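Read the structure below first, then the notes.
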Amino acid sequence: MAFAHYLVAVPTEPSILTKAALFSTSSSSSSASPPLSFNKNHSDLTFSSTSLKTKARKLSIFPRFRRIGQKVKAKAKESEVSLAAEAFTNFKHLLLPITDTNPYLSEGTREAAATAAALAKKYGADITVVVIDERQKESLPEHETQMSSIRWHLAEGGFQEFKLLERMGEGSKPTAIIGEVADDLNLDLVVISMEAIHSKHVDANLLAEFIPCPVLLLPL
């Protein structure tokens, strides 16, 4: 690439140098060549060759700048990833949404409860449980059984105390309620099972729109 730039920078000398080089090559095989003409052209050739090396060295600086720029960009990306990783592990308040209608909790809900308890215990975070149901609490005879199941599974994970919210019979979408609670309480992480999405209780397409913090989706 540097050699190509050099060709553009020197419009006329290359043709002279080429003639001189050709002349000197033919003079080596023929004794009839004038020595004075050869010496003059040879001097020009030496000067131009030195100029070529000097310009090539100057042009070689640009790849160094390019490499430095790439290193700076790489360090910036590493810094962004480091900050994102730190934010994702610096939990102070977790949300555990319960959209399960099973009074004894489904397998996915139990796994979400165990995961939330483990994370909160590891990082010294608080847990808020929000129970969401489109039906009124009064119409659910096994509601207290479900509350006892939630307490038991969190206690199994080492969590005896947590905040409990009940959002029932409001007519709002569960995803919107989760996002509202996460925003109001300034939560750091939402832990939810993919089971809630497969069962159509939570709309995966609306998670990014309504929930202002990271969401941990647990596979089935």
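Here the structure is a predicted model, which is why all the values come from computation and not from measurement.
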List the steps and the verdict of side-chain contact (heavy atoms from CB on, under 4.5 Å) for Gln146 and Leu105.
CA-CA 7 Å; Gln146 187 182 53; Leu105 306 184; 4.0 Å; yes
Any chain of hydrophobic side-chain contacts (each under 4.5 Å) joining [X] to [Y]?
X	Y	answer
Ile211	Val130	yes
Tyr123	Val191	yes
Leu154	Ile98	yes
Phe162	Leu119	no
Ile127	Leu165	no

Compare all side-chain heavy atoms of [X] with those of [Y] and state whether any distance is below 4.5 angstrom.
X	Y	answer
Leu164	Met147	yes
Lys163	Asp126	no
Leu207	Leu217	yes
Arg135	Leu140	yes

Determine whether Thr109 and Ser193 satisfy the following criterion, side-chain contact (heavy atoms from CB on, under 4.5 Å), listing intermediate values before the conclusion.
CA-CA 6 Å; Thr109 303; Ser193 172; 5.9 Å; no
Quick check on Glu161: does its CD atom have over 12 non-hydrogen neighbours (other residues, nucleotides or ligands) under 6.0 Å away?
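At most 12 heavy atoms, drawn from other residues, nucleotides or ligands, come within 6.0 Å of this atom.
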Decide if atom CD of Glu166 counts as having more than 12 heavy atoms of other residues, nucleotides or ligands within a radius under 6.0 Å.
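Count over threshold, so yes.
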Checking the side chain of Asp188 only, and the main-chain atoms of Leu94 only, is there a donor and an acceptor separated by less than 3.5 Å?
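No, Asp188 side chain to Leu94 backbone: no donor-acceptor pair under 3.5 Å.
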Between [X] and [Y], what is the shortest heavy-atom contact and its length?
X	Y	answer
Thr99	Ala196	OG1-CB, 3.7 Å
Gly169	Gln136	O-NE2, 3.3 Å
Gly157	Lys121	O-CD, 3.9 Å
Ser149	Tyr104	OG-CA, 3.5 Å
Cys213	Ala182	SG-CB, 4.2 Å
Thr128	His93	OG1-NE2, 2.6 Å

Let me confirm one number: the [atom1]-[atom2] distance from [X] to [Y], rounded to the nearest 0.5 Å.
X	Y	atom1	atom2	value
Leu206	Lys173	CG	NZ	7.0 Å
Glu134	Ser139	CD	OG	9.5 Å
Lys137	His143	NZ	NE2	5.0 Å
His201	Thr101	NE2	OG1	5.5 Å

Residue pair Asp203 / Thr175, side-chain donor-acceptor N/O under 3.5 Å:
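Short answer, no.
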Evaluate the side-chain contact (heavy atoms from CB on, under 4.5 Å) criterion for residues Leu95 and Leu185: first the C-alpha distance (whole Å), next the side-chain angles of each, then the deciding distance (0.1 Å), finally the verdict.
CA-CA 9 Å; Leu95 179 64; Leu185 299 180; 5.6 Å; no
Any residue meeting salt bridge (charged side-chain N to carboxylate O under 4.0 Å, His left out) with Glu180, in chain and number order, not counting sequence neighbours:
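For Glu180 the salt bridge (charged side-chain N to carboxylate O under 4.0 Å, His left out) partners, ignoring immediate neighbours, are Arg167.
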